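What follows is a single structure, written as structure tokens, with notes after it.
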Amino acid sequence: MTTGVTGLAGSFSRAAASYDTFASVQAATASQLLQALPAGLAPGRVLELGCATGSYTALLADRFPASDLYALDFSPAMLVQAAARLAHQPRVRLILADALDFLAAPAQSFDLITANATLHWLPDLPRCARLVAGRLRRRGVLAASLFGPRTFQELAAALEAVCGRPIPVAAQAFPTPAAVAACFAAALPGARVTERSWQETYPSTLHLMRHIKATGTRGGGPPPLILTRRLLADLDAWLLEHRGGCRVTIQLVLLEARR
């Protein structure tokens with residue numbers, strides 16, 4: 001399995017039972033990604049990378065009822081949830097695999113490769129782009145949504161101000177829209193990205209942290225610090241003073257490419 005995946009897979013597996021309750025942002029990006037798919041697209045074979053609990057998978061199955069849909073994830077616990085959701089979808093095949101490992105293995109090609117809120121976690125995006133290009137059929141489509149590095153930027157600023165030092169937030173390591181475009185244009189000329197940003201509001205920093213933990217999006221490393229009541233109160237106070245409350249940016253990158 002790809003280096004660094006085990007810890008991240010564990011983070012998502014621990015969040016599997018709570019994911020659907022808290023993954024409102026991921027549901028919103030899935031809807032936007034589905035709407036961005038090219039009109040008239042009728043793929044015979046579809047590959048979804050990072051299906052999690054299968055919410056986007058279900059949308060794809062409804063959109064393309066005649067397609068063979070392969071949905072993979074590296075978290076066994078997530079796939080248990082997806083299997084329950086998709087039990088009535090006989091054309092969906094769930095696969096336990098790391099995305100890069102699966103793409104690198106010799107196998108069938110696809111008319112559509114898609115991923116919702118997944119590719120920003122991959123440790124080698126240029127390799128991913130090359131592998132995707134190799135698995136797309138002629139005139140095949142890649143469509144993906146990624147979170148950009150400005151996601152939760154207010155949380156990062158609050159942590160640094162309150163703690164007196166930079167505190168790592170996973171999103172800060174996500175690729176920029178320009179980097180995403182460059183990676184995929186090198187493998188799939190004509191690849192393009194669009195960027196959308198909005199703010200999500202939470203009752204408190206504690207609620208935001210619970211959202212991050214319950215969706216597995218903290219990342220696979222150890223917690224950067226212990227969230228004491230005092231620290232949470234100080235973060236709330238800073239965000240209220242400087243941002244008007246616990247409002248955080250979501251930076252969404254939509255990627256489309258054709259072979």
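All values reported here derive from a predicted model rather than from experimental measurement. As a basis for the values below, the full set of heavy atoms in this structure was taken, side chains included, without hydrogen atoms, waters or symmetry mates.
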For Arg243 and Gln199: C-alpha separation, side-chain torsions, deciding distance, then whether side-chain contact (heavy atoms from CB on, under 4.5 Å) applies.
CA-CA 11 Å; Arg243 299 293 186 268; Gln199 286 200 321; 5.7 Å; no
Side chain to side chain, [X] and [Y], heavy atoms closer than 4.5 Å:
| X | Y | result |
| --- | --- | --- |
| Pro175 | Leu119 | no |
| Ser55 | Arg85 | yes |
| Gln251 | Glu195 | yes |
| Asp62 | Gln89 | yes |
| Arg135 | Leu47 | no |
| Leu60 | Leu37 | yes |
| Tyr56 | Thr29 | no |
| Ser197 | Arg150 | yes |

If Ile, Leu, Val, Met, Phe, Trp and Tyr residues are connected whenever their side-chain heavy atoms lie under 4.5 Å apart, and connections chain through other members, are [X] and [Y] in the same group?
| X | Y | answer |
| --- | --- | --- |
| Ile95 | Leu100 | yes |
| Leu41 | Val92 | yes |
| Phe22 | Val248 | no |

So, does [X] use its side chain to make a donor-acceptor pair with the main chain of [Y] at under 3.5 Å?
| X | Y | answer |
| --- | --- | --- |
| Thr151 | Gly148 | yes |
| Asn116 | Ala30 | yes |
| Asp111 | Gly44 | yes |

What are the two closest non-hydrogen atoms of [X] and [Y], and how far apart are they?
| X | Y | value |
| --- | --- | --- |
| Ala115 | Leu33 | O-CD2, 3.4 Å |
| Ala97 | Leu72 | O-CD1, 3.5 Å |
| Gln172 | Ile167 | OE1-O, 3.8 Å |
| Ala129 | Ala187 | O-CB, 3.5 Å |

For Leu136 and Leu188, run side-chain contact (heavy atoms from CB on, under 4.5 Å): C-alpha distance rounded to whole Å, both residues' side-chain angles, the deciding distance at 0.1 Å, then the answer.
CA-CA 10 Å; Leu136 279 175; Leu188 294 163; 4.2 Å; yes
What's the separation between atom [atom1] in [X] and atom [atom2] in [Y], rounded to the nearest 0.5 Å?
| X | Y | atom1 | atom2 | result |
| --- | --- | --- | --- | --- |
| Asp234 | Leu159 | CG | CG | 11.0 Å |
| Asp20 | Met78 | CG | CE | 8.0 Å |
| Thr205 | Glu154 | OG1 | CD | 11.5 Å |
| Leu227 | Met209 | CG | CE | 5.0 Å |

Chi angles and distances behind the side-chain contact (heavy atoms from CB on, under 4.5 Å) call for Phe152, Leu208
CA-CA 10 Å; Phe152 297 159; Leu208 171 59; 4.1 Å; yes
Does any donor atom in the side chain of Gln108 or Arg45 lie under 3.5 Å from an acceptor atom in the other side chain?
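There is no such pair between these side chains.
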Hey, can you tell me if Tyr202 and His211 have their rings parallel, tilted or perpendicular (30° and 60° cut-offs)?
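Ring orientation, 0 to 90° scale: tilted.
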Parallel, tilted or perpendicular: which fits the ring planes of Phe174 and His120, with parallel below 30° and perpendicular above 60°?
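Phe174 and His120: tilted rings.
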Run through Thr57, Thr118, Thr114 and flag the one making a side-chain hydrogen bond (donor to acceptor under 3.5 Å, both in side chains) with Glu48.
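Of the listed residues Thr57, Thr118, Thr114, the side-chain hydrogen bond (donor to acceptor under 3.5 Å, both in side chains) partner of Glu48 is Thr57.
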Is there a side-chain contact (heavy atoms from CB on, under 4.5 Å) between Leu122 and Leu49 once you walk through the steps?
CA-CA 11 Å; Leu122 297 185; Leu49 305 174; 5.7 Å; no
Would you say the ring centers of Tyr70 and Phe102 fall short of 6.0 Å from each other?
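Between Phe102 and Tyr70, which both carry aromatic rings, the centre distance is not below 6.0 Å.
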